[in-house]
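Here the structure is laid out as structure tokens; the discussion comes afterwards.
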Amino acid sequence: MKCARCGRTFDDKKQDYCGYCRTVHTKKGEAVRDLKGVLCYITNKFGEESLLDLRRADALIADYFPKEPAVRRQAYVALYDGCAKKLYAVREKPFEVRCAAAAGCVKSLRDELGIKGRTAADMVEAVGGAVGCEVSFKKTELLPASETESKKNVTDAAEQYSLGRHFDRIHDYEKALYWFECAALQDHGEAQYYMGSYRLEGRGGVQDGAGALEWFIRGAENGVAQAEYMVGYLCAEGIACEIDEEKAFNCFLSAAKKGCKEAAQIIAMCYENGVHTKKDPVLAQKWKNVAESGVIPDIPPETEIPEPLADDGEELYQSARRCLAEKDMEGAAVFYKRAAEVGHLRAMCSYGKCLYTGSGTAKDPAEAFRWFKTAADQNMNIAQYNLGVMYLKGVYVPKDMTEARKYFSLAAENGHEEAAKILKKLK
């Protein structure tokens, strides 16, 4: 299947996401990048109940959609205040009851978070569709901007951004800031860049360097080159953050490749003077040409996009640890299993323990033994110790002191202190 985002080809029979850019795809080959698609994907994979726990849902979305931070934020907002729980509870009720519950969720988003109009309704509809509670709201046509500006009921992000630009041009900064913020809260990238600029310079309100950096980062995540350039600038100067020259250079380079002339000028200077990178007069001249003409040069070999590394399961393992900290044993078992399946040794031991004790999943000593054996064969001392315990107690396998000593001995040789103590007693 050809990735709808980066254009690379991946085997959709083995996985439903691109191994290069981590974008999930439907069976039709369409990239899943919208709120409803993301929520439906999670519920189809883990069940409708997975959205009832906000923290678990956030962790699942972060793991399956790591390249979609904007959608993740939208999902977190949409699930705010138990929206999924409220809709799940009335999913089998009459249509009027479902819509009344949905209207309450919209009101909560509006009153407590400031998410207004059609945006809030779309969010609630997306959650409802994912948990099996179909709802709908009456859609009304938007009035022209000239009529709606005074009433402040424009809900379309593009139109809000357009109004912000209008008031910015006539130097009415308070109104411009209002409309930029409305659009930025709906994840409009260019509006987020302007919010960063306004906060950095103090136009239309209070000057706030940390707030500016946050808005620039969000704009950069949405592909706005100028916002990415500003992130680099703030990191290089140490404004609202620690100086991070490596991150600054990477931001400048990425922004330059997207056509930002200011970033191209800085990259040219870096290559010319050997700042943050080795000197390269040829590349320096190429980036000078970009700054003048806007034509992007060929990417040199050392900056080509690397082949993706094999998934070692570490991110999944850490997700399991986060679930464990929140006492979400079922979530932890899910992530331990997924990490174990891609070869993470500690995850094999942890998932085996879940199966052994019945923590977060059904008790299955036979499957626990299999995972312990797989990890033990790769010299994992914890797994060797656990096998020793199973042979010592006769769990799933018959009691066998010879095998118990064997595995305790292996674990002790690999530094497991408890195994060494037990081995002394057995001798």
Side-chain angles (χ1 to χ4, degrees), residues 12-19 22-27 32 35-69 71-72 75-76 78-79 82-85 88 126-127 129-132 309-375 378 380 382-383 386 396:
D12 59 318
K13 293 181 180 178
K14 293 183 179 180
Q15 58 193 37
D16 54 4
Y17 63 89
C18 172
R22 294 287 299 181
T23 299
V24 174
H25 288 68
T26 65
K27 293 181 179 179
V32 180
L35 178 62
K36 186 173 182 180
V38 167
L39 295 181
C40 288
Y41 179 87
I42 294 299
T43 54
N44 289 337
K45 200 168 187 71
F46 296 100
E48 296 168 344
E49 294 85 351
S50 60
L51 294 188
L52 305 187
D53 184 335
L54 180 56
R55 288 180 177 174
R56 187 184 178 200
D58 186 47
L60 289 171
I61 293 169
D63 281 306
Y64 277 90
F65 299 90
K67 298 295 185 179
E68 302 296 340
V71 179
R72 179 183 174 184
Y76 197 87
L79 297 172
C83 178
K85 289 182 180 179
Y88 186 76
V127 176
V131 298
L309 297 174
D311 185 2
D312 61 0
E314 181 61 28
E315 289 187 11
L316 296 170
Y317 179 74
Q318 293 303 327
S319 293
R321 302 273 294 176
R322 288 196 294 272
C323 288
L324 203 61
E326 299 293 340
K327 301 190 184 301
D328 179 4
M329 305 310 295
E330 290 183 4
V334 168
F335 284 116
Y336 278 142
K337 181 180 180 182
R338 288 177 54 208
E341 289 172 343
V342 297
H344 195 285
L345 294 180
R346 293 190 68 84
M348 291 180 189
C349 298
S350 298
Y351 183 54
K353 185 176 179 181
C354 290
L355 293 164
Y356 184 86
T357 60
S359 177
T361 186
K363 197 170 184 178
D364 190 342
E367 190 68 2
F369 182 88
R370 184 176 75 83
W371 282 114
F372 289 149
K373 184 71 167 59
T374 302
Q378 298 181 61
M380 192 67 182
I382 299 173
N386 289 337
Y396 172 64

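None of the values given here were measured: they were computed from a predicted structure.
Here S350 contributes atom OG and H344 contributes atom NE2; the two are 8.5 Å apart, rounded to the nearest 0.5 Å. For the atom pair C349 SG and F372 CZ, the distance stands at 6.5 Å (nearest 0.5 Å). How far OG1 of T26 is from CG of N44: 11.5 Å, rounded to the nearest 0.5 Å. The CG atom of L35 sits 11.5 Å away from the CD atom of E68 when rounded to the nearest 0.5 Å. With values rounded to the nearest 0.5 angstrom, T43 atom OG1 is found 10.0 Å from E49 atom CD. Residue M380 holds its CE atom at 6.0 Å from CG of L345, rounded to the nearest 0.5 Å.
Under the 30°/60° scheme for interplanar angles, the aromatic rings of W371 and Y351 are found to stand perpendicular.
Side chains of I61 and L39 form a contact here, defined as non-hydrogen atoms less than 4.5 Å apart.
Residues forming a salt bridge (charged side-chain N to carboxylate O under 4.0 Å, His left out) with D63 (at least two apart in sequence, or on another chain): none. The salt bridge (charged side-chain N to carboxylate O under 4.0 Å, His left out) test applied to E48 returns no partner, not counting sequence neighbours. Qualifying side-chain hydrogen bond (donor to acceptor under 3.5 Å, both in side chains) partners for Q318, counting only residues two or more places apart in sequence or in other chains: E314.
Sparse packing is recorded around CZ of R346, with 12 or fewer heavy atoms of other residues, nucleotides or ligands lying under 6.0 Å away.
Counting all heavy atoms, side chain and backbone alike, A78 lies closest to C83 at O-CB, 3.3 Å. Nearest approach of V32 to V38, heavy atoms of both residues: CG1-N, 3.6 Å. Contact detail for A347 and A339: the closest heavy-atom pair is CB-CB, 3.5 Å.
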Practice problem: Determine, stepwise, if the pair Y356 / N386 fulfils side-chain contact (heavy atoms from CB on, under 4.5 Å). | Solution: CA-CA 10 Å; Y356 184 86; N386 289 337; over 6 Å; no
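With hydrogens and angles disregarded, a donor-acceptor distance shorter than 3.5 Å links the side chain of H25 to the backbone of T23.
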Tell me which donor-acceptor pairs under 3.5 Å the side chains of residues 329-337 have, and how far apart each pair is, sequence neighbours excluded?
none

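Applying the ring-ring contact (aromatic ring centres under 6.0 Å, His included) rule to pairs touching residues 38-58 yields Y41-Y64, Y41-F65, F46-Y64, sequence neighbours excluded. Each salt bridge (Lys or Arg N to Asp or Glu O under 4.0 Å) pair with one or both residues in residues 357-368, not counting sequence neighbours, appears once here: E367-R370.
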